[in-house]
There are 2 protein chains.
Amino acid sequence: MTSPIRIAIAGHGNLGRGVEAALTRNADMQLVGIYTRRPPAQLQPLAAGTPVHGMDALAGHADRIDVLILCGGSKEDLPQQGPALAARFNTVDSFDTHAQIPAYFAAVDAAAAPNRRTALISAGWDPGMFSINRVLGEALLPEGATYTFWGKGLSQGHSDAIRRVPGVAGGVQYTVPVPTAVEQVRSGTRPTLTTRQKHTRECFVVLAEGADADTVRRAIVSMPHYFDEYDTTVTFISADELRRDHGAMPHGGFVIRSGSTSAGSGQVIEYGLKLDSNPEFTASVLVAYARAVHRLHQQGRFGAFTVFDVAPGLLSPKSAAELRAESL
Amino acid sequence: MTSPIRIAIAGHGNLGRGVEAALTRNADMQLVGIYTRRPPAQLQPLAAGTPVHGMDALAGHADRIDVLILCGGSKEDLPQQGPALAARFNTVDSFDTHAQIPAYFAAVDAAAAPNRRTALISAGWDPGMFSINRVLGEALLPEGATYTFWGKGLSQGHSDAIRRVPGVAGGVQYTVPVPTAVEQVRSGTRPTLTTRQKHTRECFVVLAEGADADTVRRAIVSMPHYFDEYDTTVTFISADELRRDHGAMPHGGFVIRSGSTSAGSGQVIEYGLKLDSNPEFTASVLVAYARAVHRLHQQGRFGAFTVFDVAPGLLSPKSAAELRAESL
């Protein structure tokens, strides 16, 4: 057995904690440090012995880390952190602002390539595993249509949007695929579906003291971009119910490619996820891609990469010969 | 637009005809010839202008063909053809005798590598897309269990086995997943399932004149390896019914990885196929991998490869930049 891949975590929110948990399930990797913006002493690592450092200690630790997993957010953290750290480390991140991916890729590539570093951006499940399945579905069935459904699952962005509405003391939002739409797509009919026909949005909201329920409900369901194009339900609950019933972060969904290979032959490919914990699954994807990044770097492949550039075998701890014998 | 990839087909059974159909749906590829062991004049290509040659004409045509898609069978054809042709062409095949894949890989690699040719073996859906999903599932959820279900679908091997039984004039066999087993696995419980608990086998049989139904039925259900470990039903039908109701080649199935990322968090990944035509879908996979083989060859990557070695983006006609902008 070769020595384990030395992994470090930058950022210790839900995603960073998920990476810690995932690393305990991958014997060929070793967590060598957690880097945080908070005072390091405040942070409780999963394993008592894990070193915790301030983020600025990273600068001096480049020779201790094979791959740095960036667990910051796509809005505030990664646009700066991603390129800055890819100049000095091999990195993996989950940058998920779809529209800005090309610009982010270019910035990370410009930082990593001249410094002979390998950086994989936008890993996770969407972008990530769902993206792979969109590309494969289209390549295998060029004549056809692709459908992505999300949920049932907790949407962080939409929950945040609810919580910004005046009169809301707390709340969560679940994205729910419309069952009849899913069945239509699965049957191979290739319907044209509007935004409203594909998903509904279910909000569970705690009213602030003195707030008017109807005013809050109308503010939510009419919110541009977030809710106005959907059928949205708002259910008012107590703070206790919110804590008790809505603390988990389930998610999932499916990518369906429905196509034809000849006049009479319909073919349907479906990739689906049913996740009890969205951040833990995303973290597990990041960890598998950290293994791939380490190997790409060892092969002398530098610069920015996406999941489209990584052969499936590179994600596995097994050798190519083992995979051929056991899994092909 | 660069000039199209020049594709040729070796072997013109169901799979070869599927490749012809698939090529009409991929604008970046061009069918430059079909090679057959039958007298070429007997063969009806899908497009009237497609050149048809005897198999021995291949020897002189190496400079006209970018990728040769081998459409022969795994039992009789590919063990000889695969290595022999990989010494002179870039090839793709669907070799599917799972136990012999390592030896076949070695033979093809030994032929292709010194001749600077690129050969992708064992493409299709199982081996192929299902294999990729087994490897990814295990890499993303190291703590868990993998389940492969096949069907409902027509099994060529089992249909052949039925037809060899004395007293059988014709017949087909469908492999059917047991619904309760599938539901158990989808629910995340990770059951241990015997062969009998996972699939049933449904046979539709035409009796030869004078044959005894009960004798035939017993010969089928007790056949070692093929049927004895399964609950098998045998339904006797007329030759007309066989022709009318059982002429299609549907298939499919699913690969499910059920795992945990922490004590309380179950995660389920499912990849499923619902295919009206098994050979046409397999052919579509071969054609997409032909594109990848052409690119690998252009990159100077020679020798034998499997689906585990091919990055998803290489299967798509789109550029890496297009994929990042449109599909990530």
Side-chain angles (χ1 to χ4, degrees), chain A residues 18 21-22 25-26 98 101-102 105 122 127 129 131-136 138-143 186 188 252 254 261-262 264-277 280-281 283-285 288 291 306-313 315-318 320-321 323-325 327-328, chain B residues 18 21-22 25-26 98 101-102 105 122 127 129 131-136 138-143 186 188 252 254 261-262 264-277 280-281 283-285 288 291 306-313 315-318 320-321 323-325 327-328:
Chain A
R25 286 161 174 78
N26 286 278
H98 291 261
I101 284 174
F105 179 89
S122 302
M129 304 314 294
S131 320
I132 289 176
N133 279 281
R134 284 189 285 263
V135 166
L136 290 181
E138 220 178 284
L140 303 185
L141 298 173
E143 181 184 317
R186 279 189 181 141
F254 15 97
T261 50
S262 69
S265 298
Q267 319 269 22
V268 179
I269 309 173
E270 176 168 343
Y271 181 83
L273 296 173
K274 210 166 58 190
L275 308 175
D276 281 353
S277 167
E280 286 183 11
F281 185 73
S284 295
V285 179
R291 178 183 291 122
T306 75
V307 296
F308 301 141
D309 306 312
V310 179
L315 299 180
S316 170
K318 296 182 182 170
L323 291 179
R324 286 193 295 271
S327 304
L328 198 62
Chain B
R25 287 163 173 77
N26 286 278
H98 290 261
I101 284 175
F105 180 89
S122 300
M129 304 315 294
S131 320
I132 290 176
N133 279 280
R134 285 189 285 263
V135 165
L136 290 182
E138 221 178 283
L140 302 185
L141 298 173
E143 181 184 317
R186 280 190 181 140
F254 16 97
T261 50
S262 69
S265 298
Q267 319 269 23
V268 179
I269 309 173
E270 175 169 345
Y271 181 82
L273 296 172
K274 210 167 58 190
L275 309 175
D276 281 353
S277 168
E280 286 183 11
F281 185 73
S284 295
V285 178
R291 178 183 292 121
T306 74
V307 295
F308 300 141
D309 306 313
V310 179
L315 300 180
S316 170
K318 296 182 182 170
L323 291 179
R324 286 193 295 270
S327 303
L328 199 59

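In what follows, every chain begins at residue 1, and chains take the letters A, B, ... in the order their sequences are listed.
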Quiz item: What residue, out of P312(B), P317(B), S316(B), has the most heavy-atom pairs lying under 4.5 Å from chain A?
Solution: P312(B)

Quiz item: Taking all non-hydrogen atoms of both residues, which atom of S262(A) and which atom of R25(B) are closest, and how far apart?
Solution: CA-NH2, 3.4 Å

Quiz item: Sequence neighbours excluded, which residues qualify as side chain to side chain contact (heavy atoms under 4.5 Å, CB included) partners of K274(B)?
Solution: R186(A), V268(A)

Quiz item: So, do M129(B) and I269(A) sit near enough that their side-chain heavy atoms are less than 4.5 Å apart?
Solution: no

Practice problem: Against chain B, work out which of P142(A), A325(A), A288(A) has the most heavy-atom pairs shorter than 4.5 Å and name it. | Solution: P142(A)

Self-check item: Toward chain A, the part of T306(B) with a non-hydrogen atom under 4.5 Å
Solution: side chain

Self-check item: Winner by heavy-atom pair count (cut-off under 4.5 Å) against chain B, out of A321(A), S122(A), A283(A), G272(A)
Solution: G272(A)

Quiz item: Between P127(B), G313(B), S277(B), which residue shows the highest count of heavy-atom pairs closer than 4.5 Å to chain A?
Solution: S277(B)

Quiz item: Where does V310(B) contact chain A at under 4.5 Å (heavy atoms): side chain, backbone, both or neither?
Solution: backbone

Quiz item: Between I132(B) and chain A, which part of the residue has a heavy atom less than 4.5 Å away: side chain, backbone, both or neither?
Solution: side chain

Quiz item: Where do V135(A) and L328(B) land on the side chain to side chain contact (heavy atoms under 4.5 Å, CB included) test, with the steps shown first?
Solution: CA-CA 9 Å; V135(A) 166; L328(B) 199 59; over 6 Å; no

Quiz item: Under the ring pair (Phe, Tyr, Trp, His ring centres under 6.0 Å) test, which residues partner F308(B), sequence neighbours left out?
Solution: none

Quiz item: Do any N or O atoms from the side chain of D276(A) and from the backbone of S265(B) form a donor-acceptor pair under 3.5 angstrom?
Solution: no

Quiz item: Under a 4.5 Å heavy-atom cut-off, does chain A meet the side chain of L275(B), its backbone, both or neither?
Solution: both

Quiz item: Which answer fits E270(B), side chain, backbone, both or neither, if we ask what part of it has an atom under 4.5 Å from a heavy atom of chain A?
Solution: both

Quiz item: Where does I101(A) contact chain B at under 4.5 Å (heavy atoms): side chain, backbone, both or neither?
Solution: side chain

Quiz prompt | When D309(B), N26(B), L136(B), L141(B) are compared by non-hydrogen pairs under 4.5 Å with chain A, the top option | solution = L136(B)

Quiz item: Under a 4.5 Å heavy-atom cut-off, does chain A meet the side chain of L315(B), its backbone, both or neither?
Solution: both

Quiz item: For F105(B), is it the side chain, the backbone, both or neither that has a heavy atom under 4.5 Å from a heavy atom of chain A?
Solution: side chain

Quiz prompt | Flag, side chain of R134(A) to backbone of S327(B), donor-acceptor distance under 3.5 Å | solution = yes

Quiz item: What pair of heavy atoms forms the shortest contact from T261(A) to A21(B), and how long is it?
Solution: O-CB, 3.7 Å

